[in-house]
Amino acid sequence: MIKAYTILETVITMVLIGIIVSVVYLTYSYMEHNLKTYVRTEAENFKLNSFKTTLEEDFYISEKVKAFSNSKVKVYFYDGRNVEYRYDGHYLIRESLVSKDTILANDVQLSYVNGQKKHSDGLRLVDEMQISALLYGESAPLYVYKNYYSNFLNN
């Protein structure tokens with residue numbers, strides 16, 4: 001008698017191999033989907049955190065922050081440079097001489113030094129900026145402030 005596989009043994013082997021391949025394919029598809037979601041959320045996190053860090057740094061090292069309107073602010077530095085922030089209803093835009101950055105935002109609120117009192121040049125000094133940014137489609141509040149020296153405020 002010749003030893004060989006029966007058709008039943010061959011079919012069972014093929015079914016088992018099919019099950020194993022299906023499990024591996026489903027696991028791969030699931031992991032690929034999760035990796036794409038992770039990359040997307042991390043990119044969104046990085047963009048928002050990078051913008052927030054730049055905004056905080058701008059306010060911290062600036063000489064003054066002046067409001068041209070409730071939606072337009074200019075940050076002036078000691079070396080003569082300036083950066084403009086403006087809100088267009090959907091985006092907060094940061095524009096300098098060399099770059100332009102944006103984040104999605106629902107709202108931007110400004111607080112002024114001495115309430116609504118205008119500075120000597122007719123503009124208001126901003127001491128706080130509250131931003132309702134969007135992260136994963138939900139509101140993510142950002143808050144920055146500017147401390148002024150008393151001799152600057154007396155001028």
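Values below: every heavy atom of this structure, side chains too, minus hydrogens, waters and symmetry copies.
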**Q** For a side chain to side chain donor-acceptor pair (under 3.5 Å) check, start with the C-alpha distance between S96 and S99, then their side-chain angles and the critical distance, and finish with the verdict.
**A** CA-CA 5 Å; S96 67; S99 68; 3.2 Å; yes
**Q** Return the minimal non-hydrogen interatomic distance between Y136 and E44, and the atom names on each side.
**A**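 Here Y136 and E44 meet closest at N-OE2, 2.6 Å.
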**Q** What do you reckon, is OH of Y78 surrounded by more than 12 foreign heavy atoms closer than 6.0 Å?
**A**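 Check passes, neighbour count above 12.
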**Q** For F68, look at atom CZ and say whether over 12 heavy atoms of other residues, nucleotides or ligands are found less than 6.0 Å away.
**A**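 Counting other residues, nucleotides and ligands, CZ of F68 exceeds 12 neighbours.
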**Q** Tell me, do D88 and I93 make a side-chain contact under 4.5 Å, heavy atoms counted?
**A**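 Side-chain contact under 4.5 Å: yes.
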**Q** Test side-chain contact (heavy atoms from CB on, under 4.5 Å) on K64 and L125 and set out the steps.
**A** CA-CA 7 Å; K64 57 190 169 190; L125 287 175; 4.0 Å; yes
**Q** Between R40 and E42, does any NZ, NE, NH1 or NH2 come within less than 4.0 Å of an OD or OE carboxylate oxygen?
**A**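 Not counted as a salt bridge, because no side-chain N and carboxylate O are separated by less than 4.0 Å.
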**Q** Is it true that E32 and N34 share a donor-acceptor pair across their side chains at a distance under 3.5 Å?
**A**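 E32 and N34 do not have a side-chain donor-acceptor pair below 3.5 Å.
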**Q** Verify side-chain contact (heavy atoms from CB on, under 4.5 Å) between T54 and R94, making sure each step is shown before the conclusion.
**A** CA-CA 9 Å; T54 304; R94 177 190 186 272; 3.2 Å; yes
**Q** Under the side chain to side chain donor-acceptor pair (under 3.5 Å) rule, what do Y60 and N147 come out as? Steps first, then yes or no, please.
**A** CA-CA 8 Å; Y60 182 73; N147 285 328; over 6 Å; no
**Q** Tell me whether the guanidinium CZ or amine NZ of K146 lies under 6.0 angstrom from the six-membered ring centre of F59 and within 45° of its axis.
**A**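 Output no; distance or angle outside limits.
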**Q** Looking at side-chain heavy atoms only, is the closest gap between Y85 and K72 below 4.5 Å?
**A**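 In short, these two side chains do not touch, never coming nearer than 4.5 Å.
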**Q** Are the side chain of Y87 and the backbone of G89 linked by a donor-acceptor contact shorter than 3.5 Å?
**A**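 Yes; judged by distance alone, with no hydrogens or angles, the pair exists.
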**Q** Quick one: does S132's side chain get under 4.5 Å of P141's, heavy atoms only?
**A**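 Side-chain contact under 4.5 Å: no.
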**Q** So which heavy atom on V65 is nearest to which on S62, and how close?
**A**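 So the two residues come closest at CG2-OG, 3.7 Å.
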**Q** Does the Y143 side chain pair with the main chain of E128, one donor and one acceptor, at a distance under 3.5 Å?
**A**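 Here the side-chain-to-backbone pair does not exist.
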**Q** Does any N or O in the side chain of Y148 come within less than 3.5 Å of the main-chain N or O of V126, such that one atom is a donor and the other an acceptor?
**A**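 Such a contact is found between Y148 side chain and V126 backbone.
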**Q** Search all heavy atoms of N70 against all heavy atoms of Y112 and return the closest pair with its distance.
**A**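 Scanning both residues completely, I find the closest heavy atoms to be OD1-OH, 2.8 Å.
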**Q** Do K47 and D101 meet the salt-bridge criterion of a basic N to acidic O distance under 4.0 Å?
**A**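 Salt bridge: no.
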**Q** Decide if atom CG of L35 counts as having more than 12 heavy atoms of other residues, nucleotides or ligands within a radius under 6.0 Å.
**A**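 Enclosed: over 12 neighbouring heavy atoms sit under 6.0 Å from CG of L35.
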**Q** A side-chain contact here means heavy atoms from C-beta on lying under 4.5 Å apart; do F51 and T102 qualify?
**A**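 SC-SC contact between F51 and T102 ruled out.
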